[in-house]
2 protein chains.
Amino acid sequence: MKANRPSAPTLRDIAEAVGVHTTTVSRALNPRTQNQVGADTVRRVRKAAKDLGYQPNPIALSLRTSRSRTVGLVIPDITNPLFPPIVRGIESALEAGGYSGWIVNTDNDPQRERKLIESLRSRQVEGLIVATARLEHPLLAELHAAGVPLVLVNRRVEGIDVPCVTADDAAGVSAAVAHLAGLGHTRIAHLAGPQTTSTGAARARAFRHAVRDLGLSDEPGLVVECAQWSEEAGASAARSLLDARTDVTAVVAGNDLIALGCYDVFGERGIDCPGDISVVGFNDMPFLDKLRPPLTTVHVPHHDVGVEAARMLLDGIEDPERPARSMLLPVSLVVRGSTAPR
Amino acid sequence: MKANRPSAPTLRDIAEAVGVHTTTVSRALNPRTQNQVGADTVRRVRKAAKDLGYQPNPIALSLRTSRSRTVGLVIPDITNPLFPPIVRGIESALEAGGYSGWIVNTDNDPQRERKLIESLRSRQVEGLIVATARLEHPLLAELHAAGVPLVLVNRRVEGIDVPCVTADDAAGVSAAVAHLAGLGHTRIAHLAGPQTTSTGAARARAFRHAVRDLGLSDEPGLVVECAQWSEEAGASAARSLLDARTDVTAVVAGNDLIALGCYDVFGERGIDCPGDISVVGFNDMPFLDKLRPPLTTVHVPHHDVGVEAARMLLDGIEDPERPARSMLLPVSLVVRGSTAPR
DNA sequence: TTGTACGCGTTATCAC
DNA sequence: GTGATAACGCGTACAA
């Protein structure tokens, strides 16, 4: 910031005020080293520090120690309503641990992602929470191999042993399918998320298992993959589904945005939801209860996802040898107005 | 991060590789000083830098220069759907200027805000974009007096001359009222945002002017203040409004969240919207078009708000003497299903 | 045109 | 228990 404020007091200022060496001040102020210095000196130093309003300079500290008490948050797009609650959870847990987070948006562009992560590393972030993982993700493998503490949220990566925090996708999809089956639906479709993401693949797999277990139709045509986790991609997949099959009475969408894409197509084609077709989403984004119709969906505890991810990362930073444990957070079906009996 | 990667190359490494002094390398790499060094040396240095994959260390640079190419974003809560698009706009403009942004959430807690801003300053952020401003805001006045480059988004502060980027609240409210009047409504109420914020005050004032100009009822009872810009506060204000007046046929809400609060109360009391009462929001948050009913609202170009704010801040950082210019961004009424003829 | 010397604020490592 | 010194990576007067 501007320099025309009286520049912040440093260790040296305190040292002069107290009449000791800067080293002594440093030790007196550092909880880990204050036993190396006389109790009385500690008192005087701390008092002077308080009086002068001393604040340690994180830049200098970072330069000296190569640590920053900061972690990077790698998000595809903060504009996606899924992420703000997760970020909020992450930040509250980081704050509790004395850390803070630096957010970057990758726009799902691998080049951009690489650049941004490079810049985070040069800022000495001590670890990364990554929400952009794809099943094949060489960059993450590199980072992992380089020993960078890493936690994945909402995603997994194949072949590397990195801790991750995800929702229980299989349970969520099962609950959704069971709910629809209970309502009498027998030809249920799945608008799957991108199969390049672990989440997309896991939910699609869970869907196939669920319909088979319940003895429902499991023809391949009932699963359509969306190119993105977006409303547009969901709409376009919904169009191809409905063009190919006229007998579908219920849809399990890969996530809420994809479900919104269905709503768009229903509007275009005059399809009544839930009268003609029922829809279930996934995630329970904010405000779904106020949609027309209110969207039945699978609730994911996003704040908790963030909290757990941050805790895991801090644990990993503290003890790099700690084995990578993953965490599956429980989900719950929230029944609203977009599902109805057949 | 972990140190077990081959630590990043420094000026010294390049100097050794090329066989010159680090100073020379520094000068050769710095566009501003590279004319002080032989053209051939520049070439060799740059080549070596590229070969070694040299990246300047922002920490060391920051320590040396007291600059960080970083600005702070002070947001009440990133979870409010209003902010992500603004943040996105800010970041894209910052990136274009070679800067990046550090986001903090204040939770509207002044103590917390003070602490967080202190921490941002100690990280040498070069300026602040603030979305938490209240009309009375001593902290901001202090910062301004201290010469900290500041830009306000969505808000103004009284008594200090700080640049701000806001939507044209008056025009938006006028358009909303005119729209309702055109539909035949004569008793229009306003659920105002907190009058401690410039936005709340400006919209309330604009509302009074608009109803008076159109010759509609302007009894004081038709304006109710909400304690917060939130769905809950909106609902509670809507309840007191409807308890006191049974003749209201239309509501201009202070923002979309307050409008959602109205929806809640309509649900509780079996009021049909827009059949019994019409509602207009403000902001055009994402997904309002899918509500039940789709919310008529005033569209604010949030991304542009962010872009302009960031540009203004960078201008102010570059030239601290530049006079504080404010910017009013045009808004437009988006008519959807929550408003109907009387 | 290039090199020397020093400082930014902090901590690690010796010495006393 | 305390002090002196060096070092982190970089920029900049000043000297050569």
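Order of the sequence lines sets the chain letters (A, B, ...), proteins ahead of strands, with each chain counted from 1.
Rounded to an integer number of Å, the gap from CD of A:E16 to P of D:dG3 is 13 Å. Note: CD1 (B:I14) to P (D:dG11) measures 11 Å, nearest angstrom. Rounded to a whole Å, the CZ atom of A:R12 is 15 Å from the P atom of D:dG3. When the P atom of D:dG1 is taken as reference, atom CZ of A:R44 falls 15 Å away, rounded to whole Å. Between the C1' atom of D:dC10 and the CG atom of A:L63 lies a distance of 9 Å, rounded to the nearest Å.
Within 6.0 Å of atom CD in A:E142, more than 12 heavy atoms from other residues, nucleotides or ligands are found, so the atom counts as buried in its surroundings.
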Enumerate, atom names and distances included, each donor-acceptor pair closer than 3.5 Å involving a side-chain atom of residues 78-94 of chain B, sequence neighbours excluded.
unit_1: B:N80; atom_1: OD1; unit_2: B:L82; atom_2: N; d: 2.9
unit_1: B:R88; atom_1: NE; unit_2: A:D77; atom_2: OD1; d: 2.9
unit_1: B:R88; atom_1: NH2; unit_2: A:D107; atom_2: OD1; d: 2.0
unit_1: B:R88; atom_1: NH2; unit_2: A:D107; atom_2: OD2; d: 3.3
unit_1: B:E91; atom_1: OE1; unit_2: A:N105; atom_2: ND2; d: 2.6
unit_1: B:S92; atom_1: OG; unit_2: B:G89; atom_2: O; d: 3.0

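Residue contacts for A:R32: at a heavy-atom cut-off of 4.0 Å it reaches the sugar-phosphate backbone alone, with no base atom in range. Within 4.0 Å (heavy atoms only), B:T24 reaches sugar-phosphate atoms of the nucleic acid but no base atom. Contact annotation for B:T10: backbone-only contact, meaning every heavy-atom pair under 4.0 Å involves sugar-phosphate atoms and none involves a base. Heavy atoms of B:L11 sit under 4.0 angstrom from primed sugar atoms or phosphate atoms, though from no base atom. Within 4.0 Å (heavy atoms only), A:T41 reaches sugar-phosphate atoms of the nucleic acid but no base atom. Within 4.0 Å of A:R27, counting heavy atoms only, lies at least one base atom of the nucleic acid.
Where A:T22 and A:V37 each meet DNA chain D at their nearest nucleotide, the meeting point lying more 5' is that of A:V37. Annotation: of the two residues near DNA chain C, A:Q36 and B:V42, the 5′-most nearest-nucleotide partner is B:V42.
Side-chain N/O atoms of A:H21 include none lying less than 4.0 angstrom from OP1 or OP2 on D:dT2.
A:T10 places none of its side-chain heavy atoms less than 4.5 Å from the side chain of A:N57. Between A:R121 and A:L143, the closest side-chain pair of non-hydrogen atoms falls below 4.5 Å. With contacts defined as side-chain heavy-atom distances shorter than 4.5 Å, the pair B:M327/B:R311 does not qualify.
The pair B:E113-B:R134 meets the salt-bridge criterion, with a side-chain N (NZ, NE, NH1 or NH2) lying under 4.0 Å from an Asp/Glu carboxylate O. Salt-bridge check for B:K47 with B:D51: passed, with a basic side-chain N closer than 4.0 Å to an acidic carboxylate O.
Here the side chain of A:T166 pairs no donor or acceptor atom with the backbone of A:L328 at under 3.5 angstrom.
Between the side chains of B:R112 and B:T106, no donor N or O sits under 3.5 Å from an acceptor N or O. Counting only N and O atoms by type, the side chains of A:R123 and A:S68 include no donor and acceptor under 3.5 Å apart.
Between the side chain of A:R64 and the base of D:dG9, no donor-acceptor pair of N or O atoms lies under 3.5 Å.
Within residues 46-62 of chain A, the residues approached by DNA chain C to less than 4.0 Å at the level of any non-hydrogen atom are A:Y54, A:P56, A:N57, A:A60, A:L61, in residue-number order.
Mapping heavy-atom proximity under 4.0 Å, the span of DNA chain C touched by chain B runs 5' to 3' from C:dT1 to C:dG9.
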